[in-house]
Amino acid sequence: MTDLEPDAPLSASGVDVQHPYRAANGPKRVRTRHFQGAKAQGIPITGLTSYDMLTAQIFDAAGIDFLLVGDSAGNNVFGYDTTLPVTVDELIPLTRAVARAVTRALVVADMPFGSYESGAEQALATAVRFMKEAQAHAVKLEGGKRSQEQIQRIVAAGIPVMAHIGFTPQSEHGLGGHIIQGRGDAADELIEDALAVQDAGAFAVVLEMVPSSVAARVTARLAIPTIGVGAGPSVDGQLLVWTDFAGMTQGRVPKFVKQYADVRSILTDAVQRFTADVASGAYPAPEHSYE
Ligand code: KIV
């Protein structure tokens with residue numbers, strides 16, 4: 001089966017040797033239309049952030065459906081306190097590395113704060129940079145109704161857009177901190193935002209830190225898939241920040257994160273054994289040395 005066949009499932013029965021958790025007859029390359037097919041067939045979509053070639057290769061080979069080169073690179077690569085300072089120029093080389101590393105996953109480039117808010121033309125110019133200079137397959141931007149024109153303009157130019165509503169980290173100061181969105185009366189507003197990005201042509205929408213019941217309502221109302229980040233189980237896909245999911249992050253991680261590995265401890269232990277071996281002379285041994 002080629003990736004041109006519209007109904008290739010993202011995953012189902014059958015085992016692909018290279019991608020054990022993916023369907024043997026699934027798409028060779030995940031396209032935005034496969035997101036649509038996955039929602040129609042009730043097959044959950046999976047995504048992780050990635051900011052470099054090595055993690056992108058590992059996640060892609062393990063069968064992840066999409067990789068987001070998130071503006072969370074601001075925190076996780078560049079060491080800023082928030083995502084606000086990270087720039088397009090900083091994200092483009094990371095996106096290029098991820099796009100070059102994958103063979104199957106869809107690569108989504110996150111448009112950072114300040115790169116699309118001025119209007120549709122600014123948004124298109126930024127999206128074009130990510131597609132042309134970094135070979136992204138799609139872009140993501142934050143905002144519902146307020147970003148509708150930007151999404152329309154980018155989509156009209158043939159660039160797929162993943163929208164992002166609920167808690168939008170670029171607005172953390174405006175929102176008053178890391179606060180769950182869509183509770184109580186705000187649920188209707190969230191649904192309006194979701195419909196607005198769908199009408200504007202987004203192929204999927206990220207719901208971040210939204211009550212499960214509200215995410216379920218949004219998912220039922222939309223034809224496009226919802227991708228949850230702290231939005232409970234009743235969405236069409238799940239996305240996690242890889243440094244949280246792999247136990248790389250120091251300190252508290254959000255309640256919605258499930259830690260699938262403890263890479264920080266593994267690396268700490270490796271470094272401690274290396275420094276001890278060098279101190280004791282156990283490394284390098286003869287087998288690590290040239291005659
Ligand atoms: O940049 C990022 O990692 C994100 C996800 C949290 C949705 O935008």
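We count ligands from 1, going down the list as the structure has it; atoms in each ligand are counted the same way. What you see is a predicted model, and the numbers here were worked out from it, not measured in a lab.
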Provide the number and element of each atom of ligand 1 under 4.0 Å from a heavy atom of [X].
X: Leu239; value: 7 (C)
X: Thr49; value: 3 (O)
X: Leu68; value: 2 (C), 4 (C), 5 (C), 8 (O)
X: His164; value: 7 (C), 8 (O)
X: Gly70; value: 1 (O), 2 (C)
X: Glu208; value: 6 (C), 7 (C)
X: Lys140; value: 8 (O)

Q.
Assess, by modelled atom type and distance only, whether the side chains of Thr82 and Asn75 contain a donor and an acceptor separated by less than 3.5 Å.
A.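 Side-chain D/A pair, Thr82 to Asn75: absent.
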Checklist line | Charged N-O contact under 4.0 Å between Arg273 and Asp277 | finding: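 Looking at Arg273 and Asp277, the cut-off is not met.
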* **Test: Asp199 and Lys145 ion pair at under 4.0 Å** =>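 The answer is no: the pair does not qualify as a salt bridge.
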Under the criterion side chain to side chain donor-acceptor pair (under 3.5 Å), I'd like the reasoning laid out for Gln170 against Asp71: C-alpha separation, chi angles, the key distance, then a yes or no. CA-CA 9 Å; Gln170 293 171 14; Asp71 63 354; 2.6 Å; yes
Lys39 side chain vs Leu222 backbone, donor-acceptor pair below 3.5 Å:
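Checking the backbone N and O of Leu222 against the side chain of Lys39, a donor-acceptor pair under 3.5 Å is found.
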Thr243, Asn76, Thr95 screened by side-chain hydrogen bond (donor to acceptor under 3.5 Å, both in side chains) with Tyr51, the one that passes
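Considering Thr243, Asn76, Thr95, a side-chain hydrogen bond (donor to acceptor under 3.5 Å, both in side chains) with Tyr51 is found only for Asn76.
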Report yes if Ser72 has an N/O atom closer than 3.5 Å to an N/O atom of ligand 1; otherwise report no.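 Yes; the residue has a nitrogen or oxygen that sits under 3.5 Å from a nitrogen or oxygen of the ligand.
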Open item on the list: Check this for me - ligand 1, Tyr51, N or O atoms closer than 3.5 angstrom, yes or no?
Closed with: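 So ligand 1 has no N or O lying under 3.5 Å from an N or O of Tyr51.
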Where on Asp71 is there a heavy atom closer than 4.0 Å to ligand 1, on the side chain, on the backbone, on both, or on neither?
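The answer is both.
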Review point. Glu142 near ligand 1, heavy-atom distance under 4.0 Å?
Key: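 Judged by the 4.0 Å heavy-atom criterion, Glu142 does not count as contacting ligand 1.
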Do the ring planes of Tyr260 and Phe245 sit parallel (below 30°), tilted (30 to 60°) or perpendicular (above 60°)?
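Ring orientation, 0 to 90° scale: tilted.
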Tell me whether the rings of Phe203 and Phe35 are parallel (<30°), tilted (30 to 60°) or perpendicular (>60°).
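Ring orientation of Phe203 relative to Phe35: perpendicular.
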